[in-house]
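Before any comments, here is the structure.
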Number of protein chains: 2
Amino acid sequence: MSTQEPKQQRSRQRKNDVLTAATRVFARDGIAKAKMADIAKEAGIAVSSIYDYFPTKEALAYEIPIQRLAQLYAEFEDRAAALPTTRDRLSLFLTMTADHARANPDWARLLYLEIWPSVLIQEARVRRSVDDFGRIIVAMLREGSHRGEWSASLDPHRTATILMGSIAHMLITWLLYRRPADLEAATGPMVEQLMGMLEV
Amino acid sequence: MSTQEPKQQRSRQRKNDVLTAATRVFARDGIAKAKMADIAKEAGIAVSSIYDYFPTKEALAYEIPIQRLAQLYAEFEDRAAALPTTRDRLSLFLTMTADHARANPDWARLLYLEIWPSVLIQEARVRRSVDDFGRIIVAMLREGSHRGEWSASLDPHRTATILMGSIAHMLITWLLYRRPADLEAATGPMVEQLMGMLEV
DNA sequence: GATAAAAAGCGAATATTATTCGGATTTGGT
DNA sequence: ACCAAATCCGAATAATATTCGCTTTTTATC
């Protein structure tokens with residue numbers, strides 16, 4: 001089998017087991033060093049069975065962030081609808097991004113340390129999923145300028161680079177060194193400082 | 001032989017050839033996918049000879065950024081000495097970082113896309129070399145506060161995260177997508193916007 | 001509820017590559 | 001010119017991702 005939708009019930013369960021096991025192993029050893037044998041053992045199936053669901057080790061690795069990122073974006077849309085200003089929505093997006101990483105550190109290690117900056121990502125779905133992050137921020141920056149919440153002369157791409165880079169870098173140092181020790185407490189001031197940059 | 005200083009002249013030359021070839025191949029294929037055979041062919045030597053200079057493929061990969069980063073820091077110290085304000089020195093450091101990447105894109109791909117965020121870096125020298133980047137910035141931020149160039153209430157670690165993250169992210173998108181198209185022209189405004197954040 | 005086709009599962013090959021080994025060749029000092 | 005050390009290389013070795021062919025399980029149909 002390839003990566004088609006499975007027809008049987010057990011199969012869907014198995015595929016999920018593999019993804020869960022893989023997330024843990026990849027986060028621990030990195031994609032390159034991770035062994036298919038370890039993933040299979042952790043999922044409780046035969047190595048060759050993994051290939052019934054995913055064509056290669058990399059495809060397996062890339063599947064992981066796609067799902068949860070989509071979930072994050074959807075949840076954001078839900079919660080953002082209630083907020084009056086673009087500034088509030090932008091703050092929420094950055095905060096949710098950090099919270100999401102804190103709540104799913106294995107997933108975050110895989111995404112921020114291995115996949116996000118990877119040279120190797122050819123697969124369109126992963127690329128799109130990561131690029132959406134930038135598109136969402138740029139769109140909000142444009143909207144805020146348009147609504148007069150901040151200066152219209154602010155370059156949206158440059159500013160998006162600052163916002164994304166800052167949050168990503170905070171998460172990377174947290175993932176690698178657990179600094180800041182309390183990520184949740186540190187996120188608020190970080191977002192505040194970044195938002196302060198938008199003031200006219 | 002291990003990684004000791006070579007005693008013979010040809011050896012030093014060869015070691016350099018290997019590093020140059022490896023930089024190109026790693027930048028093109030990524031560390032995990034790069035083949036020792038390709039590096040050997042590009043350097044014009046036998047595969048097994050590479051192991052006379054470097055114990056493993058990763059050690060070879062990690063050697064590359066160490067040298068040039070040290071070179072960047074040294075060059076910065078030189079040029080910074082002439083500048084009167086901390087703000088000028090900080091601007092220079094960020095600008096030099098971007099210029100250095102633009103001038104050595106293969107090296108930069110290896111550093112920013114593969115090594116910097118890597119889970120796998122155990123080797124102390126690489127880690128130190130990368131961490132120095134943060135230490136240099138934090139030190140300047142403290143100095144600037146102390147000299148009254150910006151508010152003393154500015155958290156140096158948080159601000160360093162913003163500066164490093166923003167520059168790194170700008171370089172990453174340039175390396176992956178060649179956007180902004182003219183990195184040199186984009187660096188100035190980026191540094192300006194970041195410095196604007198320091199104003200009291 | 002018996003049966004056949006499809007799907008899922010697995011152990012044993014296979015293939016690709018990093019790494020090691022042993023001996024041949026080259027170098028630098030005398 | 002000669003020796004010891006350094007360098008170099010081709011041919012094993014070892015680790016591990018991926019493929020293959022067969023067995024077991026599931027689902028649909030009567």
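We name chains A, B, ... by the order of the sequence lines, and we start the count at 1 in each one. Below, each value reflects all heavy atoms present in this structure, side chains not excepted, and no hydrogens, waters or symmetry copies. Everything numeric in this text was worked out from a predicted model, so none of it was measured.
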Whole angstrom is fine here: how far is it from [atom1] in [X] over to [atom2] in [N]?
| X | N | atom1 | atom2 | answer |
| --- | --- | --- | --- | --- |
| A:I39 | D:dT18 | CD1 | P | 10 Å |
| A:F54 | D:dT18 | CZ | P | 13 Å |
| B:D52 | C:dT27 | CG | P | 15 Å |
| A:I45 | C:dA8 | CD1 | P | 12 Å |
| A:K35 | D:dA14 | NZ | P | 16 Å |
| B:Q13 | C:dT26 | CD | C1' | 16 Å |
| A:K41 | C:dG11 | NZ | P | 13 Å |
| B:I50 | D:dT7 | CD1 | P | 16 Å |

Determine, for [X] against [Y], whether the closest basic-nitrogen to carboxylate-oxygen distance falls under 4.0 angstrom.
| X | Y | answer |
| --- | --- | --- |
| B:R109 | B:E114 | no |
| A:R89 | A:E77 | no |
| A:D132 | A:R135 | yes |

Please confirm whether the shortest side-chain N or O distance from B:R14 to OP1 or OP2 of D:dC8 is below 4.0 Å.
yes
Between D:dC8 and B:Y53, is there an OP1 or OP2 to side-chain N/O distance shorter than 4.0 Å?
yes
Side chain B:Q193, main chain A:R158, donor-acceptor under 3.5 Å
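No.
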Can you tabulate the close N/O pairs, meaning under 3.5 Å, that link protein atoms to atoms of nucleotides 19-22 of chain D?
none

Using a heavy-atom cut-off of 4.0 Å across all strands, would you classify A:A34 as base, sugar-phosphate, or nothing?
sugar-phosphate
Any pair counted as salt bridge (charged side-chain N to carboxylate O under 4.0 Å, His left out), so long as it reaches residues 162-185 of chain A, sequence neighbours left out
A:R102-A:E184
Taking the six-membered ring where the residue is Trp, are the ring centres of A:F93 and A:F133 under 6.0 Å apart?
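Yes, they do, as the ring centres are separated by less than 6.0 Å.
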Would you call the rings of B:W107 and B:Y112 parallel, tilted or perpendicular, where under 30° means parallel and over 60° means perpendicular?
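The arrangement is perpendicular - the two ring planes meet at more than 60°.
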